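Keep in mind that what you see is a predicted model, and the values were worked out from it rather than measured. Every chain is numbered from 1 and lettered A, B, ... according to where its sequence line falls, protein lines coming before strand lines.
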2 protein chains.
Amino acid sequence: MKRKPSTEATAAWIRLMRVQSRVLDCVEQDLKRAGFPPLAWYDALLELSRAPSGELRPVELERQMLIPQYSTSRLIDRLVDEGLASRRECKIDKRGQFVEITEAGRELQKRMWSAYSAAIEKYVGSKLSDADAVKLSDLLDRLGCSCGEMKLPPVANVNESTPSR
Amino acid sequence: MKRKPSTEATAAWIRLMRVQSRVLDCVEQDLKRAGFPPLAWYDALLELSRAPSGELRPVELERQMLIPQYSTSRLIDRLVDEGLASRRECKIDKRGQFVEITEAGRELQKRMWSAYSAAIEKYVGSKLSDADAVKLSDLLDRLGCSCGEMKLPPVANVNESTPSR
DNA sequence: TCAAGATTGATGCAGCTGCATCAAATGGGG
DNA sequence: CCCCATTTGATGCAGCTGCATCAATCTTGA
């Protein structure tokens with residue numbers, strides 16, 4: 001029960017952990033310095049703004065963002081507190097609800113993307129050619145695809161970009 | 001002030017965030033299921049066990065692990081509470097102290113490496129050839145090196161492996 | 001020598017995460 | 001039709017993180 005990873009694999013693992021934290025930290029710091037909330041807020045606002053009518057069930061948001069249920073619930077709380085989204089009751093399923101992005105939410109999402117995209121360019125885009133970026137994506141995809149052979153365990157805060165241009 | 005990252009760079013960024021969280025989560029879960037503490041503990045124990053006499057100044061540990069000062073301080077608290085390390089006063093600098101790994105600490109580090117290395121193999125090693133692992137490391141290194149042009153800001157929980165084989 | 005500044009480490013507070021659990025509503029089988 | 005399992009969402013609690021700050025000690029320079 002004690003397989004030994006090659007030193008190459010171990011090195012890749014360490015790089016993956018270190019580099020991701022560093023880069024994420026840099027991007028988050030840039031956003032914070034620009035006066036913006038955490039990336040998770042952006043992710044949620046983006047998903048909401050993309051939804052057909054600007055609203056989603058919390059469950060949908062949860063699945064899109066790959067974060068646990070309680071995390072979604074509280075993130076929505078904060079967005080609502082800040083007037084970036086609002087809760088609407090769901091008439092066809094009284095357990096559920098809809099979360100709708102507000103105008104302020106849409107605006108914030110757009111303003112954040114401006115800073116966010118600049119950060120991506122600064123910390124990723126400018127360091128890699130497009131070809132290398134593709135290669136990196138491919139290698140990472142091979143790790144990610146079936147990492148959990150389970151039923152999608154809680155994972156993480158991530159982002160989706162809008163072409164935005 | 002609004003540079004646009006290429007779609008390739010953006011895709012790579014997203015993969016980096018998503019895959020890292022998924023893989024880290026998988027590894028942490030495996031360790032937890034085996035009854036072990038978080039990876040950060042392992043990292044600290046490894047650094048201590050590697051130190052010439054099994055002891056380090058908290059400041060050294062902090063620099064090795066790339067985590068903020070207060071985080072180091074509290075991590076040491078927990079290790080000491082669990083009998084995995086002990087604090088010794090530093091005679092030459094009364095502000096400071098030494099943290100020394102205990103036998104229990106050394107043992108735990110070794111037992112954790114067994115589970116940890118198996119997880120690395122399971123979630124990384126088995127998915128990539130050695131050549132691909134090297135390529136991945138290289139691409140990641142290009143992102144990491146100068147991410148912070150500042151003075152090493154607080155970064156993250158990461159690990160160092162011992163060949164251990 | 002002594003005061004100002006730097007270094008080392010701890011800690012109070014607020015916010016976020018994970019875990020477990022709860023309540024309400026739905027849906028399906030007998 | 002009713003009971004029970006499932007789905008949906010909220011929440012109390014503990015632990016961890018980041019931030020700001022503090023106290024103690026060391027170092028430097030006038």
For a quick test of reading the model: is some side-chain N or O of A:K94 closer than 4.0 Å to OP1 or OP2 of D:dG9? no
Side-chain (A:T10) to main-chain (A:S6) donor-acceptor, under 3.5 angstrom: yes
Could you tell me how far apart A:D93 (CG) and C:dG27 (P) are, to the nearest whole angstrom? 7 Å
Please state how far atom CZ in A:R57 lies from atom P in D:dT7, giving the value in whole angstrom units. 13 Å
Can you check whether B:Q69 has a side-chain N or O nearer than 4.0 Å to OP1 or OP2 of D:dC19? no
Can you tell me if B:K91 touches the phosphate of D:dT25, counting only side-chain N or O atoms and a distance under 4.0 Å to OP1 or OP2? no
Whole angstroms only, please: what is the CD-P distance between B:Q29 and C:dT17? 16 Å
Testing the basics here: between A:R87 and A:I76, what is the closest heavy-atom pair and its distance to 0.1 Å? NH1-CG2, 3.4 Å
When the distance from CD1 of B:I67 to P of C:dG9 is rounded to whole Å, what number comes out? 13 Å
note: A:Y70, atom OH; C:dG15, atom C1'; distance rounded to Å ~ 15 Å
Using whole Å, report how far CD of A:Q97 lies from P of D:dG9. 6 Å
Between A:R95 and C:dG27, is there a contact of a side-chain N or O with OP1 or OP2 at under 4.0 Å? no
Quick check on contacts: within residues 71-89 of chain B, what sits under 4.0 Å from DNA chain C by heavy-atom distance? B:S73, B:R74, B:R87
Whole-Å distance, A:L56 CG to D:dG9 C1', equals 15 Å
Would you say the side chain of B:L31 lies within less than 4.5 Å of the side chain of B:P38, judging by non-hydrogen atoms? no
For atom CD1 of B:I92 and atom P of C:dT7, their distance in whole Å: 17 Å
Partners meeting side-chain contact (heavy atoms from CB on, under 4.5 Å) with B:S49 (sequence neighbours left out): B:L46, B:I101, B:R106, B:Q109
First of B:K32 and A:W41 reached from the 5' end of DNA chain C, by closest nucleotide: A:W41
For B:W113 and B:Y42, take the angle between the two ring planes, folded into 0 to 90°, and tell me which bin it lands in: parallel under 30, tilted 30 to 60, perpendicular over 60. parallel
Test: A:E55 and A:R88 ion pair at under 4.0 Å: yes
Less than 3.5 Å apart, any donor N or O on the side chain of A:Y116 or A:D30 sitting next to an acceptor on the other? no
